[in-house]
Amino acid sequence: NTFSQEFELNGVDGTLFTSKTNDNSLFFPYSGYKNGYSDVNKVDWSECWSSSLNSLPYDATVIYSDVYDYMLSNTYRCYGLCVRAVLDKK
C-alpha cells in the first residue's frame with residue numbers, strides 16, 4: 001500500500017514511494033543499467049539489485065520501478081545494475 005510520485009532529491013530525478021500506512025518513504029533514482037557498453041533506460045527507469053539470488057547461478061532478483069509501477073523480476077547478474085544502500089539509524 002504505497003503511492004508513488006516523480007521526485008527530485010539533491011538534483012537527481014527518480015521515483016519516491018511513500019507508505020499509505022506510516023508515511024515512510026523510499027527513493028529510487030532513475031538509473032537504468034549498463035549492458036556491455038550501452039546505458040539502457042537511464043532517463044525514466046530505476047533498476048536495482050535486491051538482496052535475493054535466484055536458484056540459477058547466473059540470475060538474481062531485481063527491483064524495477066518508474067513513477068507508474070514497480071515489480072520484482074530476475075535478470076542476468078552480469079548486468080551493471082545499481083545497488084541501493086540503506087542506512088540503519090539505530
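Source: prediction; values computed, not measured. We count residues from 1, following the sequence as given.
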Review point. Is there a path of hydrophobic side-chain contacts, each under 4.5 Å between heavy atoms of I, L, V, M, F, W or Y residues, that connects Phe28 with Leu72?
Key: yes
Exercise for review: Treat each ILVMFWY residue as a node, draw an edge where side-chain heavy atoms are under 4.5 Å apart, and state whether Tyr76 and Leu56 are in one component.
Suggested key: yes
**Study point:** Sidechain-backbone polar pair: Thr2 side chain, Thr18 backbone, donor-acceptor under 3.5 Å
**Key:** no
Check your understanding: Quick one: side-chain hydrogen bond (donor to acceptor under 3.5 Å, both in side chains) partners of Glu8, sequence neighbours excluded?
Key -> none
Point to revise | Shortest non-hydrogen contact between Arg77 and Pro57, atoms and distance | key: NH1-O, 2.9 Å
Check your understanding: Mind checking whether Phe3 and Phe17 sit in one hydrophobic cluster, side chains of I, L, V, M, F, W, Y counted as touching below 4.5 Å?
Key -> no
Practice item. First locate atom CG of Leu16, then atom CG of Leu26, and finally report the distance between them rounded to the nearest 0.5 Å. Key: 8.0 Å
Point to revise | Those residues that, when tested against Ser19, pass side chain to side chain contact (heavy atoms under 4.5 Å, CB included) (two or more places apart) | key: Thr21, Asn22
Practice item. Search all heavy atoms of Val12 against all heavy atoms of Phe27 and return the closest pair with its distance. Key: O-CZ, 3.5 Å
Study note, to complete from the structure: Rounded to the nearest 0.5 angstrom, the OG-CG distance for Ser31 and Asp13 is 12.0 Å
Practice item. Identify which one of Thr61, Val62, Asp59 satisfies the side-chain contact (heavy atoms from CB on, under 4.5 Å) criterion when paired with Thr75. Key: Val62
